[in-house]
There are 2 protein chains.
Amino acid sequence: MTTTSSGRRPPSMSDVARHAGVALGTVSNVLNAPEKVSERTRRRVHQAVEDLGFVRNQVARTLAAGSADLFGFVIVDIGNSFFVDIARGAEQSAVENQYKLLLANSDVDLVRQNLYLDLFNESRVNGILLAPLDAPLDAVARVRDRGCPVVLVNWPGEPGESCGVTVDEEYGGYLATQHLLQQGRRRILFAGGPLSLTAVRERYEGTKRAIAESNVDAHLELIETTRLTVPAGLDVGRELVSRPVGERPDGIFAAADALAAGCAQALIYAGVSVAKEVAIIGYDDNHFTADHVVPISTVGQPGHEMGKIALEMLIDEVKNPDHLHRTVVLQPNLLARASTMSEFR
Amino acid sequence: MTTTSSGRRPPSMSDVARHAGVALGTVSNVLNAPEKVSERTRRRVHQAVEDLGFVRNQVARTLAAGSADLFGFVIVDIGNSFFVDIARGAEQSAVENQYKLLLANSDVDLVRQNLYLDLFNESRVNGILLAPLDAPLDAVARVRDRGCPVVLVNWPGEPGESCGVTVDEEYGGYLATQHLLQQGRRRILFAGGPLSLTAVRERYEGTKRAIAESNVDAHLELIETTRLTVPAGLDVGRELVSRPVGERPDGIFAAADALAAGCAQALIYAGVSVAKEVAIIGYDDNHFTADHVVPISTVGQPGHEMGKIALEMLIDEVKNPDHLHRTVVLQPNLLARASTMSEFR
DNA sequence: CTGTTAGCGCTTTCAT
DNA sequence: ATGAAAGCGCTAACAG
């Protein structure tokens, strides 16, 4: 391995040029527009790249060219399979369009969300995908004003400002509740919270509408939880178990799968027959719901598709001068499984 | 909002300097070494930054300074909570040390793994954390030779070349099997595969050692699966159910939690009492195992700690000229839960 | 098709 | 404490 460069400094393009006996610009052409260079020169340059172990400096490249084929995705919760699905979908359209996608985990922390937003912005990515936490989006406006397009996933776009991809949460709540009613359930419990979370509130709205629109005489109870976790679900379940049998709901809609799972567990442990005595349906189609001994019904959100569409919108915003901002609202779908299907078992 | 810059070009530091009536270098100092600048000048510059909506260009900054306070983490499977734990641990030490961490999901695909390795490398991150797939590490050597330190997580470091953090897989297998034996199980089944996977093979070795070292007369059966998934586990469970009761194992060690979960489900559905008739233990401490109706025993790996240590090693490699490469081997720990605790229920 | 050159926006001496 | 100027490694426009 011959080297023209000095010391431990990584070889640069001019080292390659010198080694190959051509001009700097020619090396650049070989790398970026090979068709402009003769076969023979190209080979010489490639040889030099090999000899020197040259790797081009993406930073300098980005600075000179003004941008890189790169997007950033700031994810609110990398531990939630719904967002992981979104990330996979986004990455798929990135790859299909010759872009790369980098991830940053905000971990439901506004400070970190804004930190990474700024990092991507300062790093001159072509655009940012953001699955935001349920909080004000000031930092987004700042980034966007700075010329960096932002597309929101799982959050509506801001009219005239940015695109967004959402699922119709209200309808999801409607679907879940309607399903419980159709299974003959009449004492419905909505468990979830805090209600300050937009998604929870909207799902609850859907529940109320489903009951209002139905012709049956159903009773709706609300238990507001402080979190959407398995332990919170266990608490709900235990509370129900402590009640006289007649005062328990016969149909539970938990606003999140983790909540539903915890709830189901507590009931099963107490000997209550999930599905038969109490139907339970969750929300999110997290990967673990289907793996339960009593597979838990849920409302699925098209995460993969959301990510795919969101990144396509981002690409359009970057490439198409006539781009128009819009919010795509996708429909959730009911996934009826054993936990609500007593009749069929 | 006043602006000195032309058109839609984002304001640069020289715009800020002009606006504030100071020199370019002074603006740089305000941002990077505020103590070198007088209170008054500092204020003027900050005001100009505000007025212009200036965001500094990290790309130019990195090019000029030679590096950024940034690491990259290439994750083999973002859907696996074990790796997510690692990512969280890594991010923690990154944040504690004023670094930022970007993620890239290789999704168990060697091509993508190498793509992102190169991307981080070309982007001049300070170093790369890699949770590799079980495949040759040629690309790692290339990146490292290029001057970019790489630390391996969940994979041993290459002696003299790179650091690594691993868990003792063999010992994990030993622990799991020893636990089954201690619970009085004598017809042990090891389910997992393919055996071409290093981790599976090592866990199996541990199983064999536990049996060999015990003084009891235990029988070991091996069912090699093609994958480590819930469906694969269901297949295993169904196969067992189809056997005469006397020919079934009374203790199952599944090399992964998903496998264990599927297996448990199939058995429960068939009316076999998990824990009582058959004890089952998995591996990985994936988040869903504890949420099972019969919480599944498992072997936990200190993912968070692994990530934390790995990134600390990376920081040391970057900062400390006397850095020595080493591989830290952490111990897995047994998490005994209901699925193996028939006596205590 | 090849070589030359002017930046990209910032950091960093080095004078002042 | 502040200002001037020399790059960082590359792209892109242009001249040959």
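We name chains A, B, ... by the order of the sequence lines, and we start the count at 1 in each one.
Residues B/R42 and A/R61 each lie close to DNA chain D; by heavy-atom proximity, the contact nearer the 5' end of the strand is made by B/R42. Of the two residues near DNA chain D, B/E35 and A/A65, the one whose nearest nucleotide lies more 5' is B/E35.
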Before giving the answer on side-chain contact (heavy atoms from CB on, under 4.5 Å), spell out for A/R61 and A/N32 the whole-Å C-alpha distance, their side-chain angles and the decisive distance to 0.1 Å. CA-CA 11 Å; A/R61 181 174 150 76; A/N32 301 309; 2.9 Å; yes
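Rounded to an integer number of Å, the gap from A/L31 CG to D/dG9 C1' is 13 Å. Rounded to a whole Å, the CD atom of B/Q58 is 14 Å from the C1' atom of D/dC8. In this structure, A/L63 atom CG and D/dG7 atom P are separated by 17 Å, rounded to whole Å. Across the protein-nucleic acid pair, A/K36 atom NZ and D/dG16 atom C1' stand 16 Å apart, rounded to whole Å. The distance from atom CZ of B/R40 to atom P of D/dT2 is 9 Å, rounded to the nearest whole Å. Distance CG (A/N29) to P (D/dC14): 15 Å, rounded to an integer number of Å.
Residue contacts for B/T41: at a heavy-atom cut-off of 4.0 Å it reaches the sugar-phosphate backbone alone, with no base atom in range. Residue A/V59 is classed as having no contact, given no heavy-atom separation below 4.0 Å to the nucleic acid. Across all strands, A/S38 comes closer than 4.0 Å only to sugar-phosphate atoms, never to a base (heavy-atom distances). In this structure, A/V22 reaches the sugar-phosphate backbone alone: every heavy-atom distance under 4.0 Å involves primed, P, OP1 or OP2 atoms, never a base. Among the atoms of the strands shown, none is found under 4.0 Å from any heavy atom of B/G66.
Under the 30°/60° scheme for interplanar angles, the aromatic rings of A/Y116 and A/F120 are found to be tilted.
One finds no salt bridge joining B/K308 and B/E305 here, because no Lys/Arg side-chain nitrogen approaches an Asp/Glu carboxylate oxygen to under 4.0 Å. A salt bridge between B/R88 and A/D107 is present, with a side-chain N of the basic residue lying under 4.0 Å from a carboxylate O of the acidic one. Ion pairing of B/D145 with B/R142 is absent here, as no side-chain N (NZ or NE/NH1/NH2) approaches a carboxylate O to less than 4.0 Å. Of the charged side-chain nitrogens involved, at least one lies within less than 4.0 Å of a carboxylate oxygen, so that A/E91 and B/R112 count as a salt-bridged pair.
Read 5' to 3', the first and last nucleotides of DNA chain C with an atom closer than 4.0 Å to a heavy atom of chain A are C/dC1 to C/dG9.
Residues B/Q47 and B/D51 have side chains that bring a donor and an acceptor to within less than 3.5 angstrom of each other.
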